[in-house]
Amino acid sequence: FMAYNFLGLHHIKTSGKQLYKELKDYELESKLETQTEECFQGVKQFFREGNSDFRLPSHFPYTIESASINRYYKNDQGLFKAMFRRSEAEIVRKGNIEVVKDRLGLNCILKRKEAKGNIVPIDSQIMASAQLQGELLRMRKAFWVNNPQTYRSYHISLDCCLGKPGILYEVEVEYVGRHIDSETNEGEIIKDITELTGILIEKFPELRPSRLTKQDWLGIK
């Protein structure tokens, strides 16, 4: 998985294009549960064959595989996640979840504040001075689709998580950015995520709407 991580970074560096994220410091995504990872290739093939207005970007048709050990800690500032890769860890802090209303009544589109990008050594005092709450191994497969009308990109991923409760499989549809800089239009983003999520539920009945986060799955309060 270290090799997969390096390969993904290489593809992003050599083939990726700059994206402007309208919702700075926020995460906006839908969540779907499944029992296996068998649907993933079918989902990508569906978009590759042009069965939707959302298309695989011609410059970035790759499936990116990656993995990290995610540990959840608590200190005086509250709960945070450390994503361990090689000799470094990325610190991620998330706010409370807001369930976004959508026109299909899916009730699985979540919005929350997110601060990430602080990279520290794995022996950093940040973790050493905090209490470990739980951990999991997260293995991810992901690809991107574009809305050619709004120039927005979305990340469709399948996570396989291994932890004390067992195995968790979940699919996420997450907004990642726009290819042109513009004023924020959250309503258009929610509309796109709703449409994408509705397509997945209709075409792949093994996918079910969910609001279960990895933190909740581990039983961390």
Side-chain angles (χ1 to χ4, degrees), residues 1-14 16 18-31 33 62 64-100 109-142 144 153 155-177 184 210-221:
F1 276 104
M2 286 176 61
Y4 281 138
N5 289 341
F6 281 126
L7 180 59
L9 291 172
H10 171 75
H11 283 317
I12 291 169
K13 182 178 180 180
T14 57
Q18 184 176 9
L19 291 173
Y20 301 92
K21 191 169 183 180
E22 297 157 88
L23 296 172
K24 294 179 174 62
D25 301 322
Y26 278 91
E27 177 185 60
L28 188 57
E29 65 184 9
S30 66
K31 285 184 175 289
E33 277 192 69
Y62 308 107
I64 300 296
E65 294 196 52
S66 62
S68 61
I69 295 173
N70 296 357
R71 289 179 176 164
Y72 295 81
Y73 295 90
K74 185 177 287 186
N75 60 14
D76 293 341
Q77 297 178 350
L79 189 72
F80 67 91
K81 177 174 67 176
M83 301 173 63
F84 289 82
R85 299 186 184 94
R86 304 181 304 279
S87 60
E88 298 176 329
E90 181 178 13
I91 305 300
V92 181
R93 294 184 183 273
K94 297 189 179 186
N96 295 328
I97 289 175
E98 174 191 347
V99 180
V100 177
I109 300 177
L110 311 179
K111 178 183 177 182
R112 53 183 164 173
K113 198 159 189 177
E114 180 181 60
K116 62 191 301 186
N118 184 19
I119 308 296
V120 300
I122 59 173
D123 57 354
S124 169
Q125 185 62 25
I126 293 175
M127 281 85 75
S129 60
Q131 292 183 328
L132 180 64
Q133 305 294 303
E135 67 178 354
L136 56 81
L137 168 63
R138 189 211 69 184
M139 296 169 284
R140 168 170 287 180
K141 298 178 181 180
W144 283 252
S153 289
H155 178 257
I156 299 178
S157 62
L158 183 141
D159 285 354
C160 173
C161 300
L162 307 180
K164 279 190 175 180
I167 303 177
L168 171 69
Y169 292 101
E170 64 173 5
V171 171
E172 295 179 349
V173 179
E174 182 175 0
Y175 167 69
V176 291
T184 301
S210 173
R211 296 200 294 267
L212 181 69
T213 67
K214 298 176 181 68
Q215 177 185 322
D216 291 337
W217 180 67
L218 288 172
I220 300 171
K221 305 297 183 182

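Here the structure is a predicted model, which is why all the values come from computation and not from measurement.
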### Message
Once ring pair (Phe, Tyr, Trp, His ring centres under 6.0 Å) is applied, what residue pairs with a partner in residues 76-100 remain, sequence neighbours excluded?
### Response
Tyr73-Phe80

### Summary
Taken to the nearest 0.5 Å, the spacing of Ser157 OG from Ile64 CD1 works out to 12.0 Å

### Task
Compare every heavy atom of Leu19 with every heavy atom of Ser153, then report the nearest pair and how far apart it is.
OG-CD2, 4.0 Å

### Query
How far does CD of Glu135 sit from OH of Tyr72, to the nearest 0.5 angstrom?
11.0 Å

### Message
Any salt bridge linking Lys31 with Glu29? Criterion: basic side-chain nitrogen under 4.0 Å from a carboxylate oxygen.
### Response
yes

### Query
Could you state the interatomic distance from CZ (Arg140) to SG (Cys161), rounded to the nearest 0.5 Å?
8.5 Å

### Task
Measure the spacing between NE2 of His10 and OH of Tyr62 and express it to the nearest 0.5 Å.
7.5 Å

### Query
Can you name the closest pair of heavy atoms from His155 and Ala142 and give their distance?
NE2-CB, 3.2 Å

### Task
Check whether any side-chain heavy atom of Leu110 sits under 4.5 Å from a side-chain heavy atom of Val99, and report yes or no.
yes

### Query
Gly134 and Leu218: which non-hydrogen atoms are nearest, and at how many Å?
C-CD1, 4.4 Å

### Query
Tell me, which pairs form a side-chain hydrogen bond (donor to acceptor under 3.5 Å, both in side chains) where one or both residues lie in residues 210-221, sequence neighbours left out?
Glu33-Ser210, Asp159-Lys214, Glu170-Lys214, Glu172-Lys214, Thr213-Asp216

### Task
Verify the neighbour count for atom NZ of Lys21: are there more than 12 heavy atoms of other residues, nucleotides or ligands below 6.0 Å?
yes

### From OH (Tyr4) to CD (Glu65), nearest 0.5 Å
4.5 Å

#### Entry: From CA spacing to verdict: side chain to side chain contact (heavy atoms under 4.5 Å, CB included), Leu168, Leu136
CA-CA 10 Å; Leu168 171 69; Leu136 56 81; over 6 Å; no

### Query
Could you state the interatomic distance from NZ (Lys141) to CD1 (Ile156), rounded to the nearest 0.5 Å?
15.0 Å

## Note on the structure
In short, Ala82 meets Ile91 closest at the heavy-atom pair CB-CD1, 4.0 Å

### Message
Give me the atom names and distance for the closest heavy-atom approach of Ile167 to Cys160.
### Response
CG2-SG, 4.0 Å

#### Entry: Any donor-acceptor N/O pair, Glu22 side chain to Tyr20 backbone, under 3.5 Å
no

### Summary
Pro121 and Met127 have their tightest heavy-atom pair at O-CE, 3.6 Å

### Task
State whether the side chain of Asn5 and the backbone N or O of Ala67 hold a donor-acceptor pair below 3.5 Å, judged by distance alone.
yes

### Task
Write out all pairs satisfying side-chain hydrogen bond (donor to acceptor under 3.5 Å, both in side chains) with one or both partners inside residues 86-98, taking only residues at least two apart or from two chains.
Glu27-Lys94, Gln77-Arg93

### Message
With a sphere of 6.0 Å drawn around CD1 of Ile69, does it hold more than 12 non-hydrogen atoms of other residues, nucleotides or ligands?
### Response
no

